Amino acid sequence: GNAGENGAKALAIEKMPITGGTSRTAGGYLISVDSSLNKGESVDGIDATMAYWHDLMEQGGDTGYPNYDKVEDVLGESGAVVDHMVQMGVPFNPDIVNFFGTYPVASVDGGGNVMMDSLEKAARDAGVEILLDCTAEELILEDGAVVGVKAATATEDLTIRAKSVILATGGMSQNPEMVASYSPEITEVVSLASVGSTGDGIRMAEVAGAARFDNYWSSLSGMALSAE
């Protein structure tokens, strides 16, 4: 929505019939370091949050991942992002909590589905055009720069030129071939990601010359299921 808010002509293409991807099934919890929602709350700031991430990553051994300077930059802006989402009309619960007792988290009232509905409405209200059922297939390169994207719907092929192109395409856990190639040790893991998470953006970025981190990183969580 920022591009539309700033007066730019913006177009978002979404290959699924609904926006939001896996975020729609999420709980709507967002790391919120020093947001306006934190005021008056006894929650940890950036130092405690970074300490948690260092401890977490050390459990996986010395992989070289992640770049902690970048992590700190992203986490340091997380509160401002939450504040901006509040301004965009995303309804948050009033209480900030220390997630796992280590870092501050804001929660959307209604979870991920309400969060994505609110963000989509804000984008449309700001003048962003959203094309659903439209698949990005290839980045357009000229003199080493990305100047657009080739996409397709069920009825037509599109060539879209733009001053700036942003890939916000999620992961690849619903693409068995890519999972087997990048992270073969988890090929039998059942993914809860959106069916649209098939690595399209990763593939397009690599073709365009993007550098891939040497060690693929997988986020895993346990879930107990009843056999009954």
Side-chain angles (χ1 to χ4, degrees), residues 1-8 10 12 14 19-60 63-128 130 164-171 192-194 197 201 205 213 217-221:
N2 279 355
E5 290 174 355
N6 293 329
E14 166 62 61
T19 62
T22 307
S23 294
R24 282 197 175 272
T25 64
Y29 296 98
L30 301 171
I31 296 176
S32 177
V33 177
D34 296 329
S35 81
S36 61
L37 298 178
N38 299 46
K39 292 181 179 179
E41 301 287 343
S42 177
V43 294
D44 294 324
I46 189 64
D47 292 339
T49 304
M50 286 302 300
Y52 163 78
W53 282 102
H54 278 284
D55 290 342
L56 181 66
M57 292 298 103
E58 286 175 2
Q59 296 177 28
T63 64
Y65 182 92
N67 180 318
Y68 287 108
D69 290 337
K70 291 182 178 180
V71 171
E72 186 166 359
D73 287 343
V74 171
L75 293 177
E77 292 294 324
S78 61
V81 171
V82 168
D83 289 342
H84 186 56
M85 291 173 68
V86 171
Q87 295 173 3
M88 295 172 74
V90 179
F92 282 89
N93 292 308
D95 296 327
I96 291 284
V97 298
N98 269 356
F99 207 57
F100 295 130
T102 53
Y103 59 85
V105 169
S107 62
V108 177
D109 186 3
N113 205 43
V114 169
M115 177 177 70
M116 296 315 303
D117 281 343
S118 300
L119 292 175
E120 179 178 338
K121 180 180 184 302
R124 292 186 185 277
D125 288 348
V128 177
I130 300 175
S164 298
V165 176
I166 299 173
L167 287 177
T169 56
L192 299 181
S194 162
S197 296
F213 194 76
W217 182 73
S218 303
S219 176
L220 302 177
S221 59

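All values reported here derive from a predicted model rather than from experimental measurement.
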**Student:** Does Ser35 reach the main-chain N or O of Asp83 with its side chain, forming a donor-acceptor pair under 3.5 Å?
**Tutor:** no
**Student:** Given Asp117, which partner from the list Val114, Leu119, Asn113 fulfils the side chain to side chain contact (heavy atoms under 4.5 Å, CB included) test?
**Tutor:** Asn113
**Student:** Quick check: are there more than 12 heavy atoms from other residues, nucleotides or ligands sitting under 6.0 Å from CD1 of Ile166?
**Tutor:** no
**Student:** Thr25 versus Ser194: any side-chain heavy-atom pair under 4.5 Å?
**Tutor:** no
**Student:** State, to 0.1 Å, how close Trp53 and Tyr68 come at their nearest heavy-atom pair, and which atoms those are.
**Tutor:** O-OH, 4.0 Å
**Student:** Out of curiosity, His54 NE2 to Glu72 CD, how far, rounded to the nearest 0.5 Å?
**Tutor:** 7.5 Å
**Student:** What's the shortest heavy-atom distance between Val82 and Ala106, and which atoms?
**Tutor:** CG1-CB, 4.3 Å
**Student:** Out of curiosity, Glu77 CD to Ile31 CD1, how far, rounded to the nearest 0.5 Å?
**Tutor:** 13.5 Å
**Student:** Between CD of Glu14 and CD1 of Ile130, what distance do you get to the nearest 0.5 Å?
**Tutor:** 9.0 Å
**Student:** Any heavy-atom pair between the side chains of Ser36 and Val86 that's under 4.5 Å?
**Tutor:** no
**Student:** What's the spacing between Glu120 CD and Asp125 CG if we round to 0.5 Å?
**Tutor:** 10.5 Å
**Student:** Can you confirm whether Arg24 sits close enough to Thr19 that some side-chain heavy atom of one is under 4.5 Å from a side-chain heavy atom of the other?
**Tutor:** yes
**Student:** Which pair of heavy atoms, one from Leu167 and one from Gly201, lies closest together, and at what distance?
**Tutor:** CD1-O, 3.7 Å
**Student:** Of the non-hydrogen atoms in Met116 and Gly20, which two are nearest, and what is the gap between them?
**Tutor:** CE-CA, 3.6 Å
**Student:** Does any part of the side chain of Leu37, heavy atoms only, come nearer than 4.5 Å to the side chain of Pro94, both counted from C-beta?
**Tutor:** no
**Student:** Is the closest side-chain heavy-atom distance between Phe92 and Met85 below 4.5 Å?
**Tutor:** yes
**Student:** Rounded to the nearest 0.5 Å, how far apart are CG of Leu75 and CG of Asp34?
**Tutor:** 11.0 Å
